[in-house]
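Values below: every heavy atom of this structure, side chains too, minus hydrogens, waters and symmetry copies. Sequence lines set the chain letters: A, B, ... in the order given, protein chains first and strands last, and positions in each chain run from 1.
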2 protein chains.
Amino acid sequence: MIDKRSPVPIYYQLEHVIRQQIDTGELQPGDLIPSEREYAEQLDVSRMTVRQAITNLVNEGLLYRQKGRGTFVAEQKLEQNLSGLTSFTEDMRSRGMVPGSTLLAFQIVPADKKVADRLSLAEHAPVYEIKRIRLADEVPMALETVYMSANLIKGLSEAIITASLYHHIEEELGLEIGRAVQSMESAIVSEAERPHLLVPKGAPVLLIERHTFLKDGTPLEYVKSSYRADRYKFTIDINR
Amino acid sequence: MIDKRSPVPIYYQLEHVIRQQIDTGELQPGDLIPSEREYAEQLDVSRMTVRQAITNLVNEGLLYRQKGRGTFVAEQKLEQNLSGLTSFTEDMRSRGMVPGSTLLAFQIVPADKKVADRLSLAEHAPVYEIKRIRLADEVPMALETVYMSANLIKGLSEAIITASLYHHIEEELGLEIGRAVQSMESAIVSEAERPHLLVPKGAPVLLIERHTFLKDGTPLEYVKSSYRADRYKFTIDINR
DNA sequence: GCTGACAATTGGTATAGACAACTAGTTTTT
DNA sequence: AAAAACTAGTTGTCTATACCAATTGTCAGC
């Protein structure tokens, strides 16, 4: 089970063992695990070594300690539902729906002041403007407009957009996405959007704006979307 | 600087000192901090104790270690704009507004099916119901309803709520908040809410639902809020 | 000038032990 | 019967020490 002569640190081996016992269900959420001294004696290692293994698992949120009582298996951690940073396609799939898309516009335009600012470009610099209706199970879910620097992402085509834009950026161009800042607000559907979203006059929409940046901080894209409130709810899981 | 007779653990005191030196700029990103042995000798404590302090700061991302070289101050962490998990009070303060609150209702009621489910309680179990108008710069910003198990959080009073509910839970009761799941959607203001929010008929609101859990997985609270769309925008920073 | 050996310094892993603080149950006292 | 004292077991903090592994600089030898 644990090999003291192995070059793999003992605390790391023990971590692995406990992690597996939780994975396989041998240890259930709420279960009391053996005490630190018990592990130490059983494995013939120092208590501090056991402590190091357990501390790491506590920091990961798999276990929690209670002074005077013992150490317990934490409730199952929810997957981090960062639907913000995943693509629309992944987002819909994870919700059990079939994603689709209708291209409304795909062109290179000079950046207006707002877009230039968001992408840290000079005004009138060439940017792609991509407008799409996003479908879920064939029904309109959102209206989306993407802006990206045409100099940064060269040679975009309609085919690439239809396939997977993110795949192209990360795999083909080798650009690494670092972080995204997303803001959300509530609004009433505009008359311009209404025919595309097929909602009644005065219907609420969730307005999402996203700025995506590469690992080195370069702005990659600026996206504005309007989601139908009757079909879309944004969920986020926050760990302290 | 460090008091060995203090009941506050030494490693915790040292953590605080280093954290402050980073805050004040005495230690800049990229700086090499004193070695573990140096700290140990200077403070006349064991190296392991120093290590514990540094390890915690490394886990927080404030420092990073390099074997054979030393320990360095990490690049400035993006502020985690988790406006979801901070309280309304903190959220408003960080936006430069003065938070306020008007208590509409504070009572113990039997949990209905939905609330009981969200809090993992039996139906009709006693829960606090706290309804408030949240103000920012004296103007209504949101309507909020909080549900909490009356058996878990005993002895709540109006005074405690008005002061700081979270402070009471974490400091006085010693409960540790672990994570929160928050969902957001767009909606039209209901006629029941309208008089409190002072918005015209048909105005959009941002509906936020939050479930907060303790470290051990116990549901702590279930909160429903309606934010005025004309005054509130939710921002989130996502790191990959 | 370059290379290799060496030493000094750093963090990484591990030991053995001590006492404090807290919890839960048992026993004794009141 | 209730309260208090005790006990055994837990995690929390801390010490003192040892050796390992990686990095860096120095110095001798070619």
* Donor on one side chain, acceptor on other, B/S183 and B/R210, under 3.5 Å -> no
* Between A/D91 and A/Y232, is any side-chain donor less than 3.5 angstrom from a side-chain acceptor? -> yes
Please tabulate, for side-chain N and O atoms in residues 37-46 of chain A, each donor-acceptor pair with protein atoms closer than 3.5 Å (sequence neighbours left out).
from: A/S46; atom 1: OG; to: A/M48; atom 2: N; distance (Å): 3.1

Between [atom2] of [N] and [atom1] of [X], the distance in whole Å:
{"X": "B/E15", "N": "D/dG12", "atom1": "CD", "atom2": "C1'", "value": "14 Å"}
{"X": "B/E41", "N": "D/dT15", "atom1": "CD", "atom2": "C1'", "value": "16 Å"}
{"X": "A/F72", "N": "C/dA24", "atom1": "CZ", "atom2": "C1'", "value": "12 Å"}
{"X": "A/D31", "N": "D/dT10", "atom1": "CG", "atom2": "P", "value": "16 Å"}

* Sequence-aligned protein contact record of nucleotides 4-14 of chain C, with B where the base is within under 4.0 Å of a protein heavy atom and S where only the sugar-phosphate is -> ------BBBBB
* When you measure from the side chain of B/T55 to the backbone N and O of B/R51, does any donor-acceptor pair fall under 3.5 Å? -> yes
* Partner set under side chain to side chain contact (heavy atoms under 4.5 Å, CB included) for A/S120, not counting sequence neighbours -> A/P219
* Asked: Should the pair A/Y227 and A/F88 be assigned to parallel (<30°), tilted (30 to 60°) or perpendicular (>60°) ring geometry?
  -> tilted
